[in-house]
2 protein chains.
Amino acid sequence: MKSETRKNDIIKTAAKLFKSKGYSAVTMRDLATAMDMKAASLYNHISSKQELLKTIVVFIAEEFTNGMRQIQASEKSNIAKLKAIVALHVEITAKHTNGMAALNNDWMHLEDQLEHYLQLRTEYETSFLDIIEHGIASEEIKPSNPEIIMFSMLTTLRSLYLWMPKKGRLNSQELSQNLSDIMIDGIIKS
Amino acid sequence: MKSETRKNDIIKTAAKLFKSKGYSAVTMRDLATAMDMKAASLYNHISSKQELLKTIVVFIAEEFTNGMRQIQASEKSNIAKLKAIVALHVEITAKHTNGMAALNNDWMHLEDQLEHYLQLRTEYETSFLDIIEHGIASEEIKPSNPEIIMFSMLTTLRSLYLWMPKKGRLNSQELSQNLSDIMIDGIIKS
DNA sequence: GTCTATAGAAGGATAGAC
DNA sequence: GTCTATCCTTCTATAGAC
C-alpha cells in the first residue's frame, strides 16, 4: 500500500512552498526538488497539483467551521465567544502555519471545491458577525459598526500565520490573551 | 509618441487582474483580452510583465514611505500619529485599491526591485513600531507587547483593499475614524 | 516507488506586415 | 499601434523501464 506518511510529507512540503510564493508560482518540479525526488514520482502519491491545494484548504476550512459551530452553540457571553474565536485561530494557525497561506491567498485557484469553500467561508463570517451584533445588542460591546469590528479582528487573525513563526517564544495561551486584550480592550491608556 | 494614458490603462487593468488571481496566475493573454487587444500589442507599451508588477508595487510602497516619514517628523502625540497612519492607509487604499493586492501578496515576485521594496517595508515597520514604543514609554498606550500591537493594526490596515470596495458608502474620513476608534479604544463597553 | 523520456498545452516575448 | 505567426521555454501529467 502507498505510505500515507509519504503523501502527508508531500502535502506539508507543498503547503510550505505555497506559503513562500503562492500556488500558481510553485511548480511540480519545485515540489519534487524540495522532496528530493523527480516530478514524475510525485504522481505515484498524488493525482494532481490541484489535489494538493484542495486537501490543504478544505481540511483547514472545515476545522474553522467546526470550531465556530461549537463556539456559537456554547453558553458563553458574546465577549467570551470572541475570545474563544481568537483562541481558535491561534490554535489552528499553530497547527497549520503553512497551510494558512493557501487558505488565505490561494482559495480562488480551487476548481471543484471552490463553491464548497465559499459556503464554509460565508457561514464562518456570518457567525462571527452574529456574535458581534448580539454583543452590541446586549451592551457588552460598544455600539460601533459591527462589520468594521469583524473585518478588523478577522484580518488580524487571518494573518497570524505570517507572524506567529517569528514569535515562537510566546505560547499559544499567552498569545491568545495578548491578542484578545489588544483587540477587545483597545490599546489606549485611559 | 506613445500615449501615457494607454500605458496607465494597461497598468490599472493589470492591477485589477493581479488582485483577482495573483501575479503568477495572470497571463499576458488575460491582460490583453481585458484590454480588448492581442498579447503582442501590449509590448508596444510596456517591456515585460515584470515591469507591470514593479511599477505598481514600488509606486505604492514609496507613497507609504513618504507618508510615514511625514508622520514621524510631525509634532503630534503618539496616539495622534497612529491615527494619522490609519488615515494614510485609508487614503492610499482608496486611491490604489487594486494595486494594494500586488503590494501585499505579490512583492515576492519582484526581481530587480525586491531589495528596494524590502528596504522600504522594513523602514515602514520600524517607524510604526517606534511610534508604539514611544507611546508606551510616554504612557499614552497601555504597557502591552508593541510588536503584537503593530501586527494587529498593520494587518488590518493592509487588508483594507479587500474590504473597502464593499463599503463604498462610508467616506474616507468616517472609515478612518471608525477604524481608529475600534483599534485604539477597543470594542468593549466598560 | 522512482526513474528517464516525452507528450501536449500554455506561458512570455519577438519579428515583421500593415 | 495593432495584428498574425511563431519561437522557445516551461508547465502538468503520462508511459513504460527498472
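Throughout, protein chains are lettered first and strands after them, A, B, ... in sequence-line order, and every chain is numbered starting at 1.
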### Message
Please evaluate residues B/E174 and B/K167 with respect to the criterion salt bridge (charged side-chain N to carboxylate O under 4.0 Å, His left out), reporting the C-alpha separation (whole Å), side-chain torsions for both, the decisive distance (0.1 Å), and the verdict.
### Response
CA-CA 11 Å; B/E174 285 171 336; B/K167 291 267 129 189; over 6 Å; no
Short side-chain donor-acceptor distance under 3.5 Å, [Y] and [X]:
| X | Y | value |
| --- | --- | --- |
| A/T156 | B/T156 | yes |
| B/E62 | B/N66 | no |
| A/D181 | A/Q177 | yes |

Protein-nucleotide distance ([X], atom [atom1]; [N], atom [atom2]), rounded to Å:
| X | N | atom1 | atom2 | result |
| --- | --- | --- | --- | --- |
| A/E51 | D/dT12 | CD | P | 15 Å |
| A/K38 | D/dC11 | NZ | C1' | 16 Å |
| A/L42 | D/dA15 | CG | P | 17 Å |
| A/E4 | C/dG1 | CD | C1' | 15 Å |
| B/I46 | D/dG1 | CD1 | C1' | 14 Å |
| A/H45 | D/dA13 | NE2 | P | 15 Å |

### Query
For DNA chain C, what residues of residues 109-117 of chain B have any heavy atom nearer than 4.0 Å?
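The stretch gives none, as no residue of it lies under 4.0 Å from the strand.
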### Message
Base contacts versus sugar-phosphate-only contacts with protein, heavy atoms under 4.0 Å: please encode nucleotides 9-14 of chain C as B, S and - from 5' to 3'.
### Response
--BBBB
### Query
For the side chain of B/N44, counting heavy atoms from C-beta on, which of D/dG1, C/dC3, C/dG1 is nearest?
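Comparing D/dG1, C/dC3, C/dG1 against the side chain of B/N44, the answer is D/dG1.
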### Query
B/H96 vs B/F59 aromatic rings, parallel, tilted or perpendicular, using cut-offs 30° and 60°?
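Perpendicular: the ring planes of B/H96 and B/F59 meet at over 60°.
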So, are [X] and [Y] salt-bridged, with charged N and O less than 4.0 Å apart?
| X | Y | value |
| --- | --- | --- |
| A/D30 | A/K21 | yes |
| B/E125 | B/R158 | yes |
| B/E91 | B/K95 | no |

### Task
Indicate, with yes or no, if the rings of A/H89 and A/Y124 have centres closer together than 6.0 Å.
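Centroid distance A/H89-A/Y124: below 6.0 Å, so yes.
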### Message
C/dC3, OP1 or OP2 - any side-chain N/O from A/S41 closer than 4.0 Å?
### Response
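Checking A/S41 against C/dC3: at least one side-chain N or O falls below 4.0 Å of OP1 or OP2.
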